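Step one of this worksheet: look at the structure below.
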2 protein chains.
Amino acid sequence: MNSEFIIAVHSLVLLAHRPDGMASSEEIATNVCTNPVRVRKVMSCLRKNGFVDTREGSGGGYKLSQEPGEVTLADVYRALTAGSLAPSWCSGDPTSDCLVGSNMGDVMNSVFCGADQQLETYFESITIGQMLSRLTAMAKA
Amino acid sequence: MNSEFIIAVHSLVLLAHRPDGMASSEEIATNVCTNPVRVRKVMSCLRKNGFVDTREGSGGGYKLSQEPGEVTLADVYRALTAGSLAPSWCSGDPTSDCLVGSNMGDVMNSVFCGADQQLETYFESITIGQMLSRLTAMAKA
DNA sequence: CTTAACTGTAACTGATATTATTACAGTACC
DNA sequence: GGTACTGTAATAATATCAGTTACAGTTAAG
């Protein structure tokens, strides 16, 4: 799993938690515990996918452009980490004359595609708003 | 995803494909396209979990100790890669005084635990035997 | 009882991927 | 114009992953 996914979700939840729905890359970075450049890179992608609006210049930052209850983790996943399940490493060799060795790569691939879809449907069931609820529940416990 | 999972599955399928159900680490390594040491490490783990028997010494190697149709990818996954979904990288800081920053790590964790279980149930539906069938189907196509 | 063919591990090296940092151009507000 | 931002590229530091070498232990064959 890509850690950018985590940063994206964390950022969106943080924005949802802010009364005005806004934060700068530096504020987010501090909260997430990483550096602002990484946050900007991720947020830039979220902007391109319509999850946030950005305002450059002084007093600028990022702002949610959708309702927290409308955005699912699957949306975020699709936007920046889909297909990440299969390792870069690939087994077998297509030129092999063995049934197993020559086709395993493809079969594995189809298995991981299925796994990825499974993940996606799971993420479909969790919204940014729900993440926020879980946080407050966690804090009370 | 850990690539050892792939090696393990590939190896088990290869064993299932062999008429005598046996192969040495070198034969497997050639088929998988990796080196024998890695294979042995993975197989050693499979042995500890009861998937294969090993015979050391001359003429030795690995042998399936269960029916291909009985072993699911979930069994393999649990044996050597369960919990691998969550990235090592962790978001937030428990000592933060922000609701979001201080609890996100835990909430993320629970999300990834759920995702991992989802994956497991998916893998539960695929056996080593089925992988073999898929291979032959793939070869005919 | 010696040799050859294996497994089981540990230690090391090299390659690759990930994260952090630095730098700077572009933009908006005051 | 100065300040406070985003956007992005380039680089450096670090961690992870895969391949290699080495060698002790085990079994079978001769």
Side-chain angles (χ1 to χ4, degrees), chain A residues 1-8 10-11 15 18 20-49 51-65 80-81 83-93, chain B residues 1-8 10-11 15 18 20-49 51-65 80-81 83-93:
Chain A
M1 177 72 47
N2 198 326
S3 65
E4 292 189 353
F5 175 73
I6 294 186
I7 294 177
H10 189 140
S11 302
L15 291 180
R18 289 290 178 94
D20 59 352
M22 281 205 67
S24 72
S25 66
E26 193 158 333
E27 291 173 298
I28 296 175
T30 304
N31 200 273
V32 169
C33 274
T34 185
N35 55 338
V37 176
R38 248 192 120 191
V39 170
R40 292 207 285 268
K41 210 170 124 199
V42 171
M43 296 311 276
S44 177
C45 184
L46 291 183
R47 172 178 54 85
K48 282 166 189 161
N49 284 275
F51 298 112
V52 298
D53 288 328
T54 78
R55 209 171 64 214
E56 297 187 7
S58 181
Y62 302 92
K63 182 168 187 172
L64 271 187
S65 60
L80 44 74
T81 30
S84 68
L85 255 188
S88 50
W89 197 86
C90 183
S91 147
D93 170 13
Chain B
M1 177 72 49
N2 198 328
S3 65
E4 292 191 354
F5 174 73
I6 293 186
I7 294 177
H10 189 141
S11 303
L15 290 181
R18 289 290 178 94
D20 58 354
M22 280 204 69
S24 72
S25 65
E26 194 157 332
E27 291 173 298
I28 297 174
T30 303
N31 200 272
V32 169
C33 273
T34 184
N35 56 337
V37 176
R38 252 192 117 191
V39 171
R40 293 208 285 269
K41 211 171 122 198
V42 171
M43 296 309 277
S44 178
C45 184
L46 291 183
R47 171 178 54 85
K48 282 167 189 160
N49 284 274
F51 298 112
V52 298
D53 288 327
T54 80
R55 209 170 64 217
E56 297 188 6
S58 182
Y62 303 92
K63 181 169 189 171
L64 273 187
S65 59
L80 44 73
T81 30
S84 68
L85 256 188
S88 51
W89 198 86
C90 183
S91 147
D93 170 15

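Quantities reported herein were computed from a predicted structural model and do not represent experimental measurements.
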Hey, which sits more toward the 5' end of DNA chain C by its nearest nucleotide, B:W89 or A:G59?
B:W89
For D:dG19, does OP1 or OP2 lie under 4.0 Å from any side-chain N or O of B:K41?
no
Counting only N and O atoms by type, is there a donor-acceptor contact under 3.5 Å from the side chain of A:N49 to the main-chain atoms of A:F51?
no
Are any of B:S58's side-chain N or O atoms less than 4.0 Å away from OP1 or OP2 of D:dT26?
no
Counting distance only, does the side-chain N/O of A:S24 pair as donor-acceptor with the main-chain N or O of A:E27 below 3.5 Å?
yes
Taken to the nearest whole Å, CZ/A:R38 to P/D:dT6 is 17 Å
Phosphate OP1/OP2 of D:dC17 contacted by B:S3 side-chain N/O (<4.0 Å):
no
Which residue lies more 5' along DNA chain D, comparing B:R55 with B:V37 via nearest heavy atoms
B:V37
How many Å lie between CG on B:L46 and P on C:dT7, as a whole number?
14 Å
Looking at B:R47, B:R18, B:M43, which hits side-chain contact (heavy atoms from CB on, under 4.5 Å) with B:Y62?
B:M43
Which nucleotide in the list C:dT19, D:dG19, D:dT26 gets nearest to the side chain of B:E56?
D:dT26
For C:dC6, does either OP1 or OP2 sit under 4.0 Å from a side-chain N or O belonging to B:S25?
no
Is there a side-chain contact between B:S44 and the phosphate of C:dT7, meaning an N or O under 4.0 Å from OP1 or OP2?
no
Figure out the CG/P separation between B:N2 and C:dA17, and round it to whole Å.
15 Å
Is any side-chain N or O of B:R40 under 3.5 Å from a base N or O of C:dG8, one able to act as donor and the other as acceptor?
yes
OP1, OP2 of C:dT9 versus side-chain N and O of B:K48: anything below 4.0 Å?
yes
Ignoring backbone atoms, test whether B:T54 places a side-chain nitrogen or oxygen under 4.0 Å from the OP1 or OP2 oxygen of C:dT7.
no
Passing option when B:V39 is tested against B:N31, B:I28, B:T30 for side-chain contact (heavy atoms from CB on, under 4.5 Å):
B:I28
